[in-house]
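The structure appears below as structure tokens.
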2 protein chains.
Amino acid sequence: MKIGELAKESGLSVHTLRYYEKQDLLLATARSESNYRLYDQQALGTARFIRRSREIGFSLEEVAVFLSIRADKPAHVCAEAKTLAENKIVDVEQKISELKQVLSALHKLSDACCGGNESAEHCSIIDALEQSDQEAS
Amino acid sequence: MKIGELAKESGLSVHTLRYYEKQDLLLATARSESNYRLYDQQALGTARFIRRSREIGFSLEEVAVFLSIRADKPAHVCAEAKTLAENKIVDVEQKISELKQVLSALHKLSDACCGGNESAEHCSIIDALEQSDQEAS
DNA sequence: CTTGACCCTAGAGTCTACTCTAAGGTTTAA
DNA sequence: TTAAACCTTAGAGTAGACTCTAGGGTCAAG
Ligand SMILES: [Zn+2]
Ligand SMILES: [Zn+2]
Ligand SMILES: [Zn+2]
Ligand SMILES: [Zn+2]
């Protein structure tokens, strides 16, 4: 199949597929006489594998590692894959906890403000942002 | 005070302060004979205001809105500030919920894998990434 | 034989918020 | 006087993952 069909089947854009090729993540199976990229079912499998890995939150760099494991499983061990996943879990948990802090700060701001159509001279949001460094811990 | 002192007092870097000036967020109060940027206490207040807003998660674009409210409070109403905060809350909640989904997907992957030093031929992580589109809902 | 839907390349642009560099001028203290 | 520690500018670089453009071939249908 040509790149357009692969795009449709895999849920990735044509541009993205070419980008992945440049990044050595997904090479075309062959080229037609007119130099069109041609892909087989295995390439479709790989494209989907990449998409799914990305959806789960892995970076392209991490996806590359998964692809190399996948390409030669006997040469790799479970620990490699699991380590990637566990590190990612730590990252994501970290990000979530940062965002939760942000969220609670935002709620404090928002709750204190009347949100009405009166002048902002008394606005507690602006006031709160003003007092730079005296947090109650 | 000069930019280096403002940087120290505000907790922002000299580079960042100049960047903010380029973005019209924080102009120097004056220039010395030798063309050095000079700042007064009010500028320090503004610098801290920006830093604090950034820490809470607002973008520079949003900070610019807060600054314009702050610069002329009588011309603005609480609703403007509160709307920004509320929209941000929605954004952050959205992001958190996405990350939670990602996290649960990662846990599923990670928990299923033995993580041992055996060949990855049976690795459930690679297998799970393989089956592109048949999620149990 | 032309139109439209494909495909190709190399390379630039996007986003956000910095961060740094090069090449210089100024101030301060020893 | 000289060295350190400041300051200036314009502009480039960084991250990550695309996304798009210009300028061109190719292919099937009517
Ligand atoms: Zn109010
Ligand atoms: Zn208010
Ligand atoms: Zn295993
Ligand atoms: Zn495994």
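All values below come from the heavy atoms of this structure, side chains included, with hydrogens, waters and symmetry mates left out. Keep in mind the model is a prediction, meaning the values are calculated, not measured. Letters go in sequence order (proteins before strands), and every chain restarts at 1.
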Fill in: Charged N-O contact under 4.0 Å between B:Glu130 and A:Arg48
no
Discussion item. Closer than 4.0 angstrom, basic N to acidic O: yes or no for A:Glu121 and B:Arg70?
Written reply: no
Worksheet item: Within this structure, what is the CG-to-P distance between B:Leu6 and D:dC6, rounded to whole angstrom?
Response: 15 Å
Response to the item:
To the nearest angstrom, the CZ-C1' distance between B:Arg18 and D:dT8 comes to 7 Å
Discussion item. Quick check for you: name the first and last nucleotides of DNA chain C, 5' to 3', having an atom under 4.0 Å from a heavy atom of chain B.
Written reply: C:dA17 to C:dT27
Practice prompt. Can you tell me which residue pairs pass the ring pair (Phe, Tyr, Trp, His ring centres under 6.0 Å) test with a partner in residues 60-95 of chain B, sequence neighbours excluded?
Written response: B:Phe58-B:Phe66
Discussion item. For B:Tyr19, give me all partners under ring pair (Phe, Tyr, Trp, His ring centres under 6.0 Å), at least two apart in sequence or on another chain.
Written reply: none
Worksheet item: Hey, is NZ on A:Lys73 packed in by over 12 heavy atoms from elsewhere, all under 6.0 Å?
Response: yes
Worksheet, complete the sentence: In terms of heavy-atom contacts, A:Ile89 and B:Ser110 come closest through CD1-CB, 3.8 Å
Item to complete: State which residues pass ring pair (Phe, Tyr, Trp, His ring centres under 6.0 Å) with B:Tyr39; sequence neighbours excluded, sorted by chain then number.
Response: none
For nucleotides 17-20 of chain D, give me every protein contact, N/O to N/O, under 3.5 Å, one pair per line with atom names.
| from | atom 1 | to | atom 2 | distance (Å) |
| --- | --- | --- | --- | --- |
| D:dA17 | OP1 | A:Leu60 | N | 3.4 |
| D:dC18 | OP2 | A:Tyr20 | OH | 2.7 |
| D:dC18 | OP2 | A:Arg54 | NE | 3.1 |

Practice prompt. Find the distance between NZ (A:Lys8) and NZ (A:Lys2) and round it off to the nearest 0.5 Å.
Written response: 10.5 Å
Worksheet item: In residues 25-37 of chain B, which ones come under 4.0 Å of DNA chain D, going by heavy atoms?
Response: B:Arg31, B:Asn35, B:Tyr36, B:Arg37
Worksheet item: So if you build clusters from Ile, Leu, Val, Met, Phe, Trp, Tyr with side-chain heavy-atom gaps below 4.5 Å, do A:Met1 and A:Tyr36 land together?
Response: no
Worksheet item: How many Å lie between OH on B:Tyr39 and C1' on D:dC6, as a whole number?
Response: 14 Å
Fill in: Close side-chain approach of A:Val63 and A:Arg54, heavy atoms under 4.5 Å
yes
